[in-house]
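Here the structure is laid out as structure tokens; the discussion comes afterwards.
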Amino acid sequence: MRGGDKPLYLDPSQPIDRRVEDLLARMTLEEKVGQMCQYSGITMEYERMIREGRIGSLLNVFGADETNRIQRIAVEESRLGIPLIFGLDVLHGYKTIFPIPLGLASTWDPDIVRRAASIAAAEAAADGVHWTFAPMVDIARDPRWGRIAEGAGEDPYLGSAMARAYVEGYQGKSLSDPDTIVACPKHYVAYGGAEGGRDYNTVDISERTLREIYLPPFRAAVKAGAGTLMSAFNDLNGIPASANPHTLRTILRGEWGFEGFVVSDWNAIGELITHGIAGNIYEAAEKALKAGVDMDMQGDVYRRALVQLVREGRIPEGLIDDAVRRILKIKFMLGLFDRPYVDPERAKKIIKCREHLEAALEIARKSIVLLKNDGNLLPLSRDLGSIAVIGPLADDHEAPLGPWSCLGDPKDVVTVLEGIKSKVSPKTKVLYAKGCDIEGSSKEGFDEALRAARESEVVIAVVGESRDMSGEAACRAYLDLPGVQEDLLKALHATGTPIVMVLMNGRPLSISWAAENIPAIIEAWFLGVQAGYAIADVIFGDYNPGGKLPVTFPRTVGQVPIYYNHKNTGRPPLPDVKWTSKYLDIPYTPLFPFGHGLSYTRFEYSGLEISPVEVGANDTVKVRFRVRNVGDREGDEVAQLYIRDPVASVTRPVKELKGFKRVTLKPGEEKTIEFTLMLEDLSFLNSEMKRVVEPGEFRVMVGSSSEDIRLTGSFTVKDYVEFPLM
Ligand code: NOJ
């Protein structure tokens, strides 16, 4: 407990490093280890441990009054008064829930993502939360993996842009601002590469794939100043990620100079025993700490093992000091020593305030991707005589919250049915029928749904997955619409009433039949609390959709993994040549490609200029072109820049995204878009694992999706250039 003269570490006028050293020098070994332990929830036992200085952090504790109460124990009743850091999974909103991260990535708009993250941070911070276990920046090329919903999809360039935006949004300008929380990019690393798309499964990838595909978003997050990082569950090439000195020490701290702290994923240190690289908690603790894991989430391994390991001389106390230093530094940076409590009035004022709900609507609208719109069925007129709203997700208040929806409340969710009712003219009759459940085999509801369809001028069929079919431990071996939903669609189709299909889902789905037969398809992901209004705005044309897919949609699960930036192979697919890389039973092409998304207007690309076309070692390359809205309504286009290095010393992808920009254009309006490529953007790892640019031609492709390339050109690099690894 505090008393007597004020120690230096409690003096806010002192520099943080001095405060950290002063405090560290006063701590017992047990207190140091305490800072490295994190537990979930609060119990009497935990309260006692906090009083004794044996817990540094809690997760899943929130609420201004509750966090203040617990913080008071740490600050006023423990010997040194070290405040706790409270962590929570704030992924896509705190109480004002935004689209799931895969939906946010569909905006292709980092400003929007930054805004969503900063609102989430402000709400969480007001409720006593200091730290979010987000963003999830795992690249995912396998839609069977349920956690694809939590990230930005398949591409390292888009993923890096999103990673940066989240970190900037959560952390703001300064961690000491009352509106900011510290970010924790996760799950370091390659967790999304799980074999078979099965969660927690083994990952075995090359060093090149690790560095070129999976690491870049983490690198971007660290560069943006992320204060912490979470080590993953998975085995990575034989060494589990939470005990991997190569990724945690050599790359993260050595090559990147990361100065924040690393927390393990939930019991990932304990699971080193299950992985089979540690025989007991002592070996597990030793391996994790030596690799560079500073805090043990919920494993209770550090608490039980570290003091003894130091006493036995198996771990130098200096290693413990380093970890504690990093943890304390973040606590000081957050201002927890100087302002440990939050003002409960503030939470009441800002959480779910009007401004946040308005932002949620705008962000949800921007996340929508129009997959198909044959014959311009959409937008619908709001004074149709009758509309049938059908499907198990049409009036579902839970699903739009999506997985990891923090403290989202189903009562706050606007359903599609509600959204549509709020938009139509007074004379429009809106018929609703659920039709079937999301899962299960009952077709009892079909008759009522078909009756509604027959009585209506158009059907809006809202189908997809429940919110718990994606996220952690929610992997699927089939990517079809679950249950009898496709049968329902087929029956509705047979009535002859035109159908607009609205998809709610946490992953790409293989909806080949629908893509062939349903004229209009809206990809709505899980859009958060304003889902229904946003979808209705798109249906009736109050908002012109402009989102693009951040991930490839396969025709069937048998094509997985399928991604746009694949290699060419020695025998790229040729439709009429048998001995080329393809399938006997389905086309090799995706159902919907990466970057795809339609609009109610049309855009024309022209005037590609590349300069210089002969590029020297110190040059940058400017790629300039024009995009014109040639339709008759305002709309957004995401212009995409891809490059290809056609001949190099190692094989390179057929396309790599290297720039994108979402622009809004009025009818007839034209904008010039310019991207600047640094030579480093063209670099890759050669056979000696050096990051280089090799002289020769680079092809430039500009377009509206990875497949819809509108302009092409090229430039030549004159010199061989080598760069530091990352
Ligand atoms: C386990 C999950 O893998 C991780 O993403 C999450 O942050 C933690 N649990 C804490 O809830």
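The model shown is predicted, which means the values in this text are computed figures rather than measured ones. All ligand and atom numbering here is 1-based and tracks the order in the structure.
Note on ligand 1: Gln298 sits outside its first shell, no heavy atom being nearer than 4.0 Å. Within the structure, ligand 1 lacks Met136 among the residues with a heavy atom less than 4.0 angstrom away. Residue contacts with ligand 1 include Met230, since one or more of its heavy atoms lies under 4.0 Å from the ligand.
Arg467 places no side-chain N or O within donor-acceptor distance of the main-chain N or O of Gly471, the cut-off being under 3.5 Å. Listed for the Arg507 side chain is no donor-acceptor partner under 3.5 Å among the backbone atoms of Asp142.
Taking every non-hydrogen atom of Leu59 and a distance limit under 4.0 Å, the qualifying atoms of ligand 1 come out as 10 (C). Remark: ligand 1 atoms within the under-4.0 Å shell around heavy atoms of Phe233 are 3 (O). Heavy-atom contacts of Lys186 reach the following atoms of ligand 1: 4 (C), 5 (O), 6 (C), 7 (O) (cutoff under 4.0 Å).
Protein heavy atom in closest approach to atom 10 (C) of ligand 1: Asp89 OD2, 3.2 Å. The protein heavy-atom contact nearest to atom 5 (O) of ligand 1 is His187 NE2, 2.7 Å. With hydrogens left out, the protein atom closest to atom 8 (C) of ligand 1 is Asp265 OD1, 3.5 Å, a heavy atom.
If you look at Trp404 next to ligand 1, the close heavy atoms, those under 4.0 Å, all belong to the side chain.
In this structure the side chain of Ile50 never reaches within 4.5 angstrom of the side chain of Ser78, judged on heavy atoms.
Exactly one residue among Pro101, Ser106, Pro508 makes a side chain to side chain contact (heavy atoms under 4.5 Å, CB included) with Pro550. That residue is Ser106. With Leu215 as the partner, the side chain to side chain contact (heavy atoms under 4.5 Å, CB included) test is satisfied by one option alone out of Leu252, Val222, Ile251: Ile251.
Polar contact with ligand 1: absent for Glu150 (N/O pair, distance under 3.5 Å).
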Just list the side-chain donor-acceptor pairs under 3.5 Å for residues 111-121, sequence neighbours left out, or say none.
| from | atom 1 | to | atom 2 | distance (Å) |
| --- | --- | --- | --- | --- |
| Asp111 | OD1 | Arg114 | NH1 | 2.7 |
| Arg114 | NE | Glu168 | OE1 | 2.7 |
| Arg114 | NH2 | Glu168 | OE1 | 3.2 |
| Arg115 | NH1 | Glu362 | OE1 | 3.1 |
| Ser118 | OG | Arg115 | O | 3.3 |

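The aromatic rings of Tyr191 and His187 sit perpendicular, their planes meeting at an angle over 60°, well past the 30° parallel limit.
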Under the side chain to side chain contact (heavy atoms under 4.5 Å, CB included) rule, what do Asp138 and Tyr214 come out as? Steps first, then yes or no, please. CA-CA 7 Å; Asp138 296 316; Tyr214 291 97; over 6 Å; no
